[in-house]
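Remarks on the structure that follows.
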Amino acid sequence: MTRYLVTSALPYANGPIHFGHVAGAYLPADVYVRYLRMAKGPENVLYVCGTDEHGVAITLKAEQEGLDYRSYVDRWHKDIKGLFDRFGISFDMFSGTARCKHHVDASQKFFLALHEHGFLQERTEEQWFSEATSRFLPDRYLEGTCPNCDFNKARGDECPQCGTWVDAKELKNPVSLIDGSNPVLKPTTHWYLDLPKLKEQGLGAWYDGEDAAHPIKGWKPNVDGYVQAMFKDLHERPITRDLPWGVPLPEGIEGGEGKVLYVWFDAPIGYLSATMEWAEAQGEPEAWKSWWQGEDTRLVHFIGKDNIAFHVVVFPSMLLGQKDAWEGKAMVLPWAVPANEFYNLQGRKFSTSNGWYLDNDHFFANFDADAARFHVLMSAPETADSEFSWQEFQVTNNALLADKIGNLASRVLKFAGKRYEGHTPEVDAAVVDDLRHHDSLQEADRQFEAVGTHLEAQEFRKSCHALVAGSAALNQFFDAMEPWKLAKSDDETERARCAATIERCIAYLELLSRRLSPYCPGAAGRLRSMLGACADLADGSQWGLGAVSHVPAGLALDEAGVLFAKIDDDTIAAECERLEQQAAAQA
RNA sequence: GGGCCGGUAGCUCAAUGGUUAGAGCUGCGGACUCAUAAUCCGUAGGUUGCAGGUUCAAAUCCUGCCCGGCCUACCA
């Protein structure tokens, strides 16, 4: 059986995350995972993630705030997890690279295996060193005079005046932006990952799909364009740093004392160490192997476009370079990397510091997480940047969720409540059989099946459209049958058609509740409880096939409630106003 | 500067080189009354960013330009 190991990019524990992050790497993954659990069985799906808690940016911010590194990342870990909980992101394990007890060992083992297999190069170069703080300075935290145009506020990596790329060592009169001191050049040794060699030894074949073990489907255009360009000019890449915070180099590496693994190196290993943590929590510490070394595993990385190089080139290289170091078995390579673009907010980038963001506490206190999930997914940046707008959110919520889907449940169940005293009607099987061929029901069948095929292909926007189209087809069916007229007829055959119509609608509402489940788990659950005893006609945790073929008579239905509440114009106007004020306050 | 992605109806998006470029939402008109003033039907809406080229045929392929975005290896 094919198994799916799904990851979402590790959020950096250095600040709040927002809807933009959720739209790109988390919500699509969560909907995909919820679908897979239903369609393939929960035992064949594992969804892991965690915060990325190392790196120079964290050390600097923590020091600025006077916090030790541990407390600092703990705070953001908690904050970030809080937003995921509100969105209902259903990780099997959400850990963190500085809190997972397997992480240091796993990362060091990765390094050692690459070292032993000849995929690392050692180089000694001069770097700016601050004697005041006894630390090497990243280029970005240096300022000085540009060697090209003499502009005196050039950064260590780039000159904002002439735009040229500055080699930090050539920067004149450098000053540390951290403490204002004048650094000196000092030699330091670092290890480089030999990407060109790894590309020759299998990465290239894997990427091109020549490796039969990984029959990956085509890469997305944004991924392929980026990686092809990268392959044309592939270089060795440093994977160590001089920092006081991170995974120390393994013992026994000469010259490695006091150095740590580069955060980009240890971060993706977080997917593996989180899996180990999950396995241990299950009481089967070895269970991670069946995921990371199983021939049937499909490893799927959901990321934003800023992460493409690391997930399609660097991390696969690291996995490939392990060879048989892990008890003689190779690691799986990614099967798919759905990289999304960026999600903006009403024409501008999300920015907490500029006040251009959605306040998470406020949002979830006033709006339904299910509606947010559906809208954000439906407008997710799959092929190009996209955005959240309050007006569009209102349209999705009102016109699609409340009117098309919620009202469908309402009209059917209330009709049954009145005409059949809250129970499923008795039907003539022949009349029901006749209705099965109705154009609208066949259209509903097609659309509800398409929901699954689109999800399987990671086409989330299309899957949302199919779900709405399926519901629209059911509304058409209801309208075409006109049960409100049939029910009042003196003709017995007309009343039989009415009963059969309601029977079919109830069967399809049960199907709808399962199709809706990955997107809107809360509303799907409410719909199932409204269906009362009819919810028992199919296992709600199963994607299953289509609508149940026969709804027995006399099953009790529950009270028909409101699945999705509408959002009025004033509320939307108030939210837009709130956003503008937030931005103005920060200006 | 270099690389890459995108530009299609008022809005959000579709369209293996192949009929007359399609949906949804909004707008307008109508039907209906079971339902959350919902639903259903009809209709309007286009120089596919611009200019060339290839082809029997171009939104699609090629060249140049314009606009937006991302990356550019020490921002994770």
Side-chain angles (χ1 to χ4, degrees), chain A residues 9-14 51-58 60 97 127 136-142 155-158 162-165 168 195 220-230 232-238 241 262-264 266-268 304-310 313-314 339 341-342 344 349 378-379 381-387 389 391-392 395-396 398-404 406-419 440 461-462 465 468-469 472 474-487 498 501-502 505 560-566:
Chain A
L10 303 181
Y12 199 48
N14 193 36
T51 38
D52 176 7
E53 302 173 332
H54 293 135
V56 66
I58 281 174
L60 290 173
T97 56
Q127 275 192 8
F136 284 93
L137 296 165
D139 295 352
R140 193 184 157 81
Y141 297 104
L142 288 165
R155 287 196 333 211
D157 52 353
E158 189 184 44
C162 63
T164 54
W165 214 1
L195 291 174
K220 286 174 77 166
N222 56 345
V223 172
D224 194 44
Y226 186 87
V227 174
Q228 294 293 359
M230 196 171 164
K232 277 183 206 154
D233 189 29
L234 199 59
H235 296 281
E236 295 79 17
R237 200 171 176 117
R241 288 290 186 278
Y262 179 30
V263 62
W264 262 120
D266 88 74
K305 62 179 164 181
D306 52 337
N307 265 331
I308 292 171
F310 289 90
V313 178
V314 180
E341 304 288 299
F342 281 172
N344 297 316
K349 289 182 191 180
M378 193 155 105
S379 57
E382 271 176 33
T383 57
D385 287 358
S386 62
E387 63 176 39
S389 93
Q391 285 77 10
E392 286 166 17
V395 168
T396 300
N398 292 4
L400 304 184
L401 294 176
D403 296 346
K404 279 275 195 305
N407 179 59
L408 171 69
S410 186
R411 70 194 301 203
V412 170
L413 294 175
K414 286 194 176 173
F415 189 93
K418 282 184 190 169
R419 292 288 166 186
S440 294
R461 304 174 74 129
K462 283 184 181 174
H465 284 114
V468 174
L474 295 180
N475 274 312
Q476 286 162 12
F477 173 69
F478 198 93
D479 278 320
M481 296 306 294
E482 300 183 312
W484 58 90
K485 286 184 183 167
L486 299 176
C498 178
T501 299
I502 299 308
C505 284
V562 171
L563 268 190
F564 297 99
K566 294 224 198 187

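Chain A is the first sequence line, chain B the second, and so forth, proteins listed ahead of strands; every chain is numbered from 1.
Comparing G53(B) with U60(B), their P atoms are spaced 14 Å from each other, to the whole Å. For the P atom pair drawn from G7(B) and C50(B), the interatomic distance equals 13 Å after rounding to whole Å.
Mapped onto RNA chain B by nearest heavy atom, E482(A) and A57(A) fall at different nucleotides, with E482(A) at the one closer to the 5' end.
Checked by distance alone, N407(A) brings a side-chain donor or acceptor within 3.5 Å of a matching partner on the base of A35(B).
The shortest non-hydrogen separation linking N398(A) to K566(A) is OD1-CA, 3.4 Å.
In the set C74(B), A38(B), C32(B), the nucleotide with an atom closest to the side chain of W484(A) is C32(B). Closest to the D479(A) side chain, of the nucleotides C11(B), C74(B), C34(B), is C34(B).
Remark: C65(B) base-pairs with G49(B); criterion is Watson-Crick or G-U wobble with both hydrogen-bond distances under 3.5 Å.
Between K404(A) and the phosphate of C25(B), there is a side-chain N or O to OP1/OP2 separation shorter than 4.0 Å.
Distance CD1/I58(A) to CG/N14(A): 5.5 Å, rounded to 0.5 Å.
Among the protein residues, V263(A) comes within range of the sugar-phosphate backbone only, with heavy atoms under 4.0 Å from sugar or phosphate atoms but none that close to a base. Residue-level contact check: F564(A) touches the bases, meaning some heavy atom is under 4.0 Å from a base atom. Residue L563(A) is classed as a base contact, given a heavy-atom separation below 4.0 Å to a base.
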